[in-house]
Amino acid sequence: MSTPVLKLVAQRIAMGILLLLAVSVLIFAGTQILPGDVAQSILGQSATPQALENLRRDMGLNDPAYIRYLHWLGGILTGDLGTALSSGQDIASSLKGRLWNTLFLAFWAAIVSIPLAIGLGLLAVRYRNGFVDKLISGLGLASTSLPEFFTGYLLIYFVAVRLQWFPSVSTVYEGMPLGERLSAIALPVTVLTLVVLAHMMRMTRAAILNVMQSAYVETAELKGLSPLQIITRHAFPNAIAPIVNVVMLNLAFLVVGVVVVEVIFVYPGMGQYLVDHVAKRDVPVVQACGLIFAAVYVSLNIIADIVAIVSNPRLRHPK
């Protein structure tokens, strides 16, 4: 890669690190201004003032906010996410399996949705402004207009309860055979696919149609190439950058936006873990989950920016 490309990549990475640092400050500040007393929620309403004061001192709650933030950030950088207040368990150990479950769910949703969205986008371009194009766009808009919880409950009722094709509760465990695990996550994967499919498909269609206005595409048409050859060989490769951007944004949603889906299907992922501990006002768990979700989102956006930079021929081959 040329020096300008390396410079831009380094800038994107540095900006991502600074953004993640700023997000960590917002997460910490947001959890600190929440109403209520952490010590009171742990010991209960019957706790004595002395017991509350002792617990606050042991937890460092009497220290200034910036001292507590630096302690928390230092622990994060060394891999120590803290201890859950409600259970006393190490957060990193508890999140390890749940993060893997969330990534597993997002991975299979991406495996299904990305090729399907790109394929439908190419098909819509091939038959643009025709019946097929309008049908694909209409079905895509209908699927993305329905809230996740509504789609999830519809699938549970018709597919799981009435037809009994897949389980309504997505229970997975360590050592579970792959076939059984895929059957368990079939419904949440379907919901996530329907949520992100239309956006990726429409952006793929728009990016390719934008490239189709280029002069070299007109030259390919004059050479007698078929519409499918023009789309797949000339238009699609030059529309990779915007398509990768929208794919990465939707991948970030698949990881970060699974909270509702995991709750509906009682899936043991990070979203379910976060919701359970929000109800208990377990601040260290909320902070850790929020920072992990933010790190995933920022990282995928950095990857999208880097791919867009590297795939730009004007930057790779400057005059």
- Output the distance between atom CD1 (I264) and atom OH (Y267), rounded to the nearest 0.5 Å. 15.0 Å
- Is it possible for you to say whether L26 and Y297 belong to one hydrophobic cluster, with membership spreading through side-chain heavy-atom contacts below 4.5 Å? no
- Query: Where is the tightest heavy-atom contact between A124 and I136, given as atom of each residue plus distance?
  - Reply: N-CD1, 4.2 Å
- Item | Least distance between heavy atoms, S113 atom then M200 atom | OG-CE, 3.6 Å
- Item | Minimum heavy-atom distance G269-N101, with the two atoms named | CA-CB, 4.3 Å
- Item | Nearest-0.5 Å distance that lies between atom CD in E262 and atom CZ in R98 | 8.5 Å
- What distance do M201 atom CE and L120 atom CG have between them, rounded to the nearest 0.5 Å? 6.5 Å
- Message: On a heavy-atom basis, which atom in I91 and which in A288 lie closest, and how many Å separate them?
- Response: CG2-CB, 3.9 Å
- Message: How long is the straight-line distance from CZ of F158 back to CD of Q164, given to the nearest 0.5 Å?
- Response: 14.5 Å
- Answer yes or no: is there a side-chain heavy-atom contact under 4.5 Å between L105 and P188? yes
- Query: Step by step, would you call S168 with Y157 a side-chain hydrogen bond (donor to acceptor under 3.5 Å, both in side chains)?
  - Reply: CA-CA 8 Å; S168 59; Y157 178 71; over 6 Å; no
- What about M15 and L291, same hydrophobic cluster or not, with Ile/Leu/Val/Met/Phe/Trp/Tyr joined at side-chain heavy-atom distances under 4.5 Å? no
- CA sep, side-chain torsions, deciding dist, call: F293, L274, side-chain contact (heavy atoms from CB on, under 4.5 Å): CA-CA 11 Å; F293 281 138; L274 173 62; 4.0 Å; yes
- Can you name the closest pair of heavy atoms from T102 and M270 and give their distance? OG1-N, 2.8 Å
- Task: Side-chain contact test, heavy atoms from C-beta onward, threshold under 4.5 Å: evaluate it for I185 versus F104 and give yes or no.
- Result: yes
- If we only count heavy atoms from C-beta on, is the V169 to F265 side-chain gap below 4.5 Å? no
- Message: Taking the side chain as everything from C-beta on, heavy atoms only, tell me whether E180 gets closer than 4.5 Å to P177.
- Response: yes
- Query: Is it the case that one hydrophobic cluster holds both L194 and V191, taking links as side-chain heavy atoms less than 4.5 Å apart, direct or via other members?
  - Reply: no
- Got more than 12 heavy atoms from elsewhere within 6.0 Å of CZ, R181? yes
- Item | Evaluation steps, side-chain contact (heavy atoms from CB on, under 4.5 Å), between L99 and I292 | CA-CA 9 Å; L99 178 59; I292 290 174; 4.2 Å; yes
- Does the side chain of I111 come within less than 4.5 Å of W108's, by heavy atoms? yes
- Single-linkage hydrophobic cluster, 4.5 Å side-chain cutoff, L187 and F149 together: yes
- Query: Is the closest side-chain heavy-atom distance between I13 and I306 below 4.5 Å?
  - Reply: yes
- With rounding to the nearest 0.5 Å, note down the distance linking CG in L73 to CG in L77. 4.5 Å
- Linked, directly or transitively: V25 and W72 (ILVMFWY side chains, under 4.5 Å): yes
- Item | Side chains of P268 and V172 in contact at under 4.5 Å (non-hydrogen atoms) | yes
- Query: Between A160 and P167, which heavy-atom pair has the shortest distance, and what is it?
  - Reply: CB-C, 4.1 Å
- Item | Atom pair CZ (R12) and CD1 (I303), whose distance is rounded to the nearest 0.5 Å | 14.5 Å
